[in-house]
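These notes concern the structure reproduced below.
Counting starts at 1 for both ligands and their atoms, following the listed order.
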Amino acid sequence: MKVLVLNCGSSSIKYKLYEMTTKQVLAQGGIEKIGLPGSFLKLTLPNGEKKIIEKDVPEHTTGVQFIFDTLTSPEYGAVKSLHEINAVGHRVLHGGTKFSGSVLIDDAVIAAVEECCDLGPLHNPANLKGIYAVQQLLPEVPQVAVFDTAFHQTMPDYAYLYAIPYRYFEKYGIRRYGFHGTSHRYISKRVCEFLGIPQEGSRIITCHIGNGGSIAAVKDGKCIDTSMGLTPLEGLMMGTRSGDIDGGAITYIMKKEGLTPDEMSTLLNKKSGVLGMFEKSSDMRELEAAVQNGEERAILTEKMYFYRITKYIGAYAAAMNGVDVILFTGGVGENQSSARAAVCKNLEYLGVKIDDERNKVRGEEAIISTDDSKVKVVVIPTDEELTIATDTMNILNERN
Ligand SMILES: Nc1ncnc2c1ncn2[C@@H]1O[C@H](COP(=O)(O)OP(=O)(O)O)[C@@H](O)[C@H]1O
Ligand SMILES: CC(=O)OP(=O)(O)O
Ligand SMILES: [Mg+2]
């Protein structure tokens, strides 16, 4: 069975085509700058080489068509005909409270995803555009939606509610939902297989630290708390997002600078975090290089970034009355050993001991704590796309 995974963002579409019997990636790439000047498709060839094809991509249907053309092109094609694709799985950001698992897309699901557009205004409309584009171009092919919010639906009410007038929860669904759920679900299960422990009875803190970042407390295989909230803005300091901030600071800045809600949202989502503090870049590799150069602002930025992660780990250890496993994933979590070491430095009181030699690992499954560490600290590379493809295959198999 061949499954195409699409992750449609507001100005990008990432894709991966899998042969599910072997879990082999047949093709992968992404379009960037949709609707902007200079749009292009970047694909990774089977030998790892990257290729850029420039093309004007004004909107998502053209983008999906461009991906289909590339998948079947004589030069870079992975399939002879699009009919070889058995199903398409989509990453959908916000499923509200309607979805606690992945679903086959039909009109009712589309209507429910549309209803969640208010809650995920930056992502859900783009996710829907991707679904419509496939409906239009490959009408016979079944599509599956895999929600970022689904895994977090097991959070108890006292963890997901905000302490604002209750009627806003009832009227607008204002509550914490959590994101990166596909990643937290995959890594929290995978780490138990890797360590040979049952999910039942385990207390795991999963740290997904990429450009966007979130942490989850996973007890008995179920999420009981996570750092992102109504939108993917709450919680950790991220590449361009502020993470936790006093609501009072938000209203103060809006008044002082005369900002509209949309302008304030852009400031907090796109101009804050590492970018806002460091100013030169939102990328952790560039921040790390500047730290190595001794740049003061970079050093401060990095301290803030690591400190927030440590604080959340402490909070979630308290939420679960202890922790057995701390897990790092995402671009930073998988690759940056200095980040893992810094975050764990103040966790000695929990019995965390990092083995510096083991911590040199990059992008592969490994235990990085010492043998006598009370808490196992582990790196597990996440694979959101393969998880989406697997859900898609399972749903199709159930249907047949
Ligand atoms: N080898 C590396 N060392 C340190 N940081 C890295 C490395 N590779 C990627 N990163 C960082 O990971 C982040 C991107 O993570 P990723 O999980 O790909 O993000 P997203 O999926 O949210 O776009 C960037 O800040 C990048 O600098
Ligand atoms: C929810 C979120 O932050 O997603 P990403 O990491 O892909 O930006
Ligand atoms: Mg990501």
Quiz item: Is there any N or O on Ser282 that sits under 3.5 Å from an N or O of ligand 1?
Solution: no
Exercise. Assert yes or no for the condition that the ring centre distance of His94 to Phe179 is strictly below 6.0 Å.
Key: yes
Quiz item: Does a salt bridge link Glu385 with Lys14, judged by any charged N lying under 4.0 Å from a carboxylate O?
Solution: no
Quiz item: How long is the gap from CD1 on Ile253 to CG on Leu268, to the nearest 0.5 Å?
Solution: 7.0 Å
Quiz item: Which ligand 2 atoms, with their elements, are less than 4.0 angstrom from a heavy-atom of Arg241?
Solution: 2 (C), 3 (O), 8 (O)
Quiz item: Can a non-hydrogen atom of Met228 be found less than 4.0 Å from any atom of ligand 2?
Solution: yes
Quiz prompt | Atoms in ligand 2 flagged as close to Asp148, the criterion being non-hydrogen separation under 4.0 Å | solution = 1 (C)
Quiz item: Polar-atom distance check: Gly330 versus ligand 1, any N or O pair below 3.5 Å?
Solution: no
Quiz item: Between Asp283, Thr329, Val274, Asn335, which one has a non-hydrogen atom sitting closest to atom 8 (N) of ligand 1?
Solution: Asn335
Practice problem: With heavy atoms of Leu93 as the reference, note each atom of ligand 2 found under 4.0 Å away. | Solution: 1 (C)
Exercise. Please check if any side-chain donor atom of Thr382 sits under 3.5 Å from a side-chain acceptor atom of Glu384, or the reverse.
Key: no
Quiz item: Among Leu71, Val88, Val5, Val64, which residue meets the side-chain contact (heavy atoms from CB on, under 4.5 Å) test with Tyr15?
Solution: Leu71
Quiz item: Quick one: does Lys14 get within less than 4.0 Å of ligand 2, heavy atoms only?
Solution: no
Quiz item: What atoms in ligand 1 come closer than 4.0 Å to a heavy atom of Gly212?
Solution: 22 (O)
Quiz prompt | Sole residue of Val352, Ile309, Ile368, Ile313 in side-chain contact (heavy atoms from CB on, under 4.5 Å) with Cys344 | solution = Val352
Quiz item: Does the ring of Tyr76 carry Lys51 above it, NZ/CZ under 6.0 angstrom from centre and within 45° of its axis?
Solution: no
Exercise. Closest by any non-hydrogen atom to atom 18 (O) of ligand 1: pick that one out of Gly331, Ala339, Ser337.
Key: Gly331
Quiz item: Is there at least one pair of N or O atoms, one from Arg91 and one from ligand 2, spaced under 3.5 Å apart?
Solution: yes
Quiz item: With side chains defined as the heavy atoms from C-beta onward, is the minimum distance between Asn127 and His90 less than 4.5 Å?
Solution: no
Quiz prompt | Element-labelled atoms of ligand 2 that are located less than 4.0 Å from some non-hydrogen atom of Phe179 | solution = 1 (C)
Practice problem: Would you indicate which of Arg285, Arg362, Glu384, Glu286 comes nearest to atom 1 (N) of ligand 1 when only heavy atoms are counted? | Solution: Arg362
Practice problem: Tell me yes or no: between the side chains of Asp372 and Thr370, is some donor less than 3.5 Å from an acceptor? | Solution: yes
